[in-house]
Amino acid sequence: MIIEMKEHNPQWALMYANEAEKIKEILGDELAEIYHIGSTSVEGLKAKPVIDIMGAVKNIDNVDQYNDKFIKLGYEPMGEYGISKRRFFRKGGEKRTHHIHIFQITDRENIERHLAVRDYLREYSEDAAVYGELKSELAQKYPRDIEAYCDGKDFFVKNLEKKALTWYRK
């Protein structure tokens, strides 16, 4: 996967809405909440053009029974993929277009963490700009090394999460 930053694109919100409808059809009553998260959900923020979607379900263990339907929609089921009790799906192979992160509705820690960062960056455009520049620099430095790219932003993201959670909980 080539790591490439793009200026914010208003089409990203429409891409989210379109995909969210398909996810709702697959999960039906199991789905309790669905959100557009990640950098593509923040107006003005540079991002990899990959739409991050977070769903909250009644029972995380039931999600695996929908894998065939997600596969038909073009997704690759990845299981927990590094976060306990999450289900992660990616779409687009080397030309990734979407990620789905699904948590159980009672996993408020992970759900809140994602929403806090999104909402904080929407509110504080200066911090969003700094984050966007960091991601751009890392993408230029490591265009084919996603691990180095992620490692390069890890410290910033952890601090951003702490700041965002403090702000979000007030």
Side-chain angles (χ1 to χ4, degrees), residues 1 8-45 47-93 95-125 127-128 131 135 146 150 153-154 156-170:
M1 176 178 166
H8 182 81
N9 182 342
Q11 292 297 311
W12 292 339
L14 298 173
M15 291 169 67
Y16 157 75
N18 183 47
E19 206 71 7
E21 287 305 313
K22 295 173 187 175
I23 294 165
K24 289 175 188 176
E25 286 178 29
I26 289 173
L27 294 174
D29 290 339
E30 189 65 45
L31 184 68
E33 300 170 354
I34 192 162
Y35 304 96
H36 186 187
I37 61 167
S39 296
T40 61
S41 71
V42 180
E43 190 173 327
L45 180 57
K48 296 188 308 289
V50 178
I51 309 302
D52 281 292
I53 300 169
M54 179 175 64
V57 295
K58 295 173 185 171
N59 186 336
I60 195 68
D61 295 323
N62 291 341
V63 173
D64 296 330
Q65 72 184 354
Y66 300 102
N67 282 353
D68 288 343
K69 290 181 180 183
F70 279 109
I71 290 168
K72 285 180 184 169
L73 196 55
Y75 283 93
E76 178 183 5
M78 304 296 293
E80 291 183 335
Y81 203 64
I83 298 178
S84 181
K85 300 290 186 182
R86 170 181 74 165
R87 294 300 181 273
F88 181 71
F89 300 83
R90 60 187 185 192
K91 183 177 188 178
K95 301 235 185 238
R96 196 86 33 86
T97 60
H98 296 79
H99 291 156
I100 304 172
H101 313 257
I102 300 177
F103 298 97
Q104 187 161 304
I105 189 70
T106 55
D107 186 357
R108 298 316 296 177
E109 182 180 330
N110 275 309
I111 294 168
E112 186 178 75
R113 178 173 59 86
H114 285 89
L115 295 177
V117 169
R118 179 199 67 186
D119 292 353
Y120 180 87
L121 290 173
R122 285 176 173 176
E123 185 72 22
Y124 293 96
S125 58
D127 285 353
Y131 184 41
K135 293 189 307 172
I146 192 70
C150 289
K153 65 179 194 158
D154 186 63
F156 184 92
V157 169
K158 284 182 178 166
N159 284 328
L160 175 63
E161 275 185 9
K162 286 178 192 172
K163 192 188 309 186
L165 280 166
T166 299
W167 169 82
Y168 191 79
R169 290 174 177 157
K170 286 186 180 180

Checklist entry - salt bridge (charged side-chain N to carboxylate O under 4.0 Å, His left out) between Glu25 and Lys72: does it pass, once the steps are laid out? => result CA-CA 13 Å; Glu25 286 178 29; Lys72 285 180 184 169; over 6 Å; no
Next on the checklist: Consider ring-ring contact (aromatic ring centres under 6.0 Å, His included). Of Phe89, Phe88, Tyr75, Tyr81, which one does His99 pass it with?
Outcome noted: Phe88
Item to check | Carboxylate-amine/guanidinium contact Glu123 Lys163, below 4.0 Å | outcome: no
Item to check | Residue pair Ile102 / Ile60, side-chain heavy-atom distance below 4.5 Å | outcome: yes
Next on the checklist: Under the criterion side chain to side chain contact (heavy atoms under 4.5 Å, CB included), I'd like the reasoning laid out for Asn59 against Gln104: C-alpha separation, chi angles, the key distance, then a yes or no.
Outcome noted: CA-CA 6 Å; Asn59 186 336; Gln104 187 161 304; 3.8 Å; yes
Item to check | Exercise: identify the closest heavy-atom pair between Val117 and Glu161 | outcome: CG2-CG, 3.6 Å
Checklist entry - Can you tell me if His8 uses its side chain to pair, donor with acceptor, with the backbone of Val42 under 3.5 Å? => result yes
Checklist entry - Between Glu112 and Arg169, does at least one N-O distance fall below 4.0 Å, as a salt bridge requires? => result yes
Checklist entry - side chain to side chain contact (heavy atoms under 4.5 Å, CB included) between Asp68 and Gln65: does it pass, once the steps are laid out? => result CA-CA 7 Å; Asp68 288 343; Gln65 72 184 354; over 6 Å; no
Item to check | Heavy-atom pair with the smallest gap, counting every atom of Asn110 and Arg113 | outcome: OD1-NH2, 2.7 Å
Checklist entry - Got a second to check how far Ile53's CD1 is from Glu19's CD, nearest 0.5 Å? => result 5.5 Å
Next on the checklist: Can you tell me how far apart CG (Asn62) and CD (Glu30) are? Round to the nearest 0.5 Å.
Outcome noted: 4.5 Å
Next on the checklist: Do Met54 and Leu115 make a side-chain contact, defined as non-hydrogen atoms from C-beta onward lying under 4.5 Å apart?
Outcome noted: yes
Next on the checklist: A quick test of your reading: do over 12 heavy atoms of other residues, nucleotides or ligands sit less than 6.0 Å from CD of Glu43?
Outcome noted: no
Item to check | Residues that Tyr120 engages under ring pair (Phe, Tyr, Trp, His ring centres under 6.0 Å), provided they are two or more places apart | outcome: Tyr124, Trp167
Item to check | Straight-line distance of Gln11 CD to Asn18 CG, nearest 0.5 Å | outcome: 11.0 Å
Next on the checklist: So if I apply the side-chain contact (heavy atoms from CB on, under 4.5 Å) rule between Arg87 and each of Ile100, Val63, Asn67, which one comes out positive?
Outcome noted: Val63
Item to check | From CD1 (Ile26) to CZ (Phe70), nearest 0.5 Å | outcome: 4.5 Å
Next on the checklist: Under the rule for side chain to side chain donor-acceptor pair (under 3.5 Å), what residues qualify as partners of Lys158, not counting sequence neighbours?
Outcome noted: Asp154
Next on the checklist: Just so I know, are the side chains of Tyr168 and Asp119 near enough to count as touching, which here means a heavy-atom distance under 4.5 Å?
Outcome noted: yes
Item to check | CG on Leu121 to CG on Asp127, rounded to 0.5 Å | outcome: 7.0 Å
Checklist entry - Does Asn159 CG have over 12 foreign heavy atoms under 6.0 Å away? => result yes
Item to check | Pair Tyr66-Leu27, side chain to side chain contact (heavy atoms under 4.5 Å, CB included): steps then yes or no | outcome: CA-CA 7 Å; Tyr66 300 102; Leu27 294 174; 3.5 Å; yes
Checklist entry - What are the two closest non-hydrogen atoms of His101 and Arg86, and how far apart are they? => result ND1-NH1, 3.1 Å
Checklist entry - Given Tyr35 and Ser41, is the side chain to side chain contact (heavy atoms under 4.5 Å, CB included) satisfied, shown in steps? => result CA-CA 9 Å; Tyr35 304 96; Ser41 71; over 6 Å; no
Checklist entry - Of all heavy-atom pairs between Asp107 and Phe103, which one has the smallest distance, and what is that distance? => result OD2-CD2, 3.4 Å
Next on the checklist: Nearest 0.5 angstrom please: Ile37 CD1 to Asp52 CG, how far?
Outcome noted: 5.0 Å
Checklist entry - Between Leu31 and Gly55, which heavy-atom pair has the shortest distance, and what is it? => result CD1-CA, 4.1 Å
Checklist outcome for this item: Smallest heavy-atom separation, Leu45 atom then Trp12 atom, equals O-CZ3, 4.2 Å
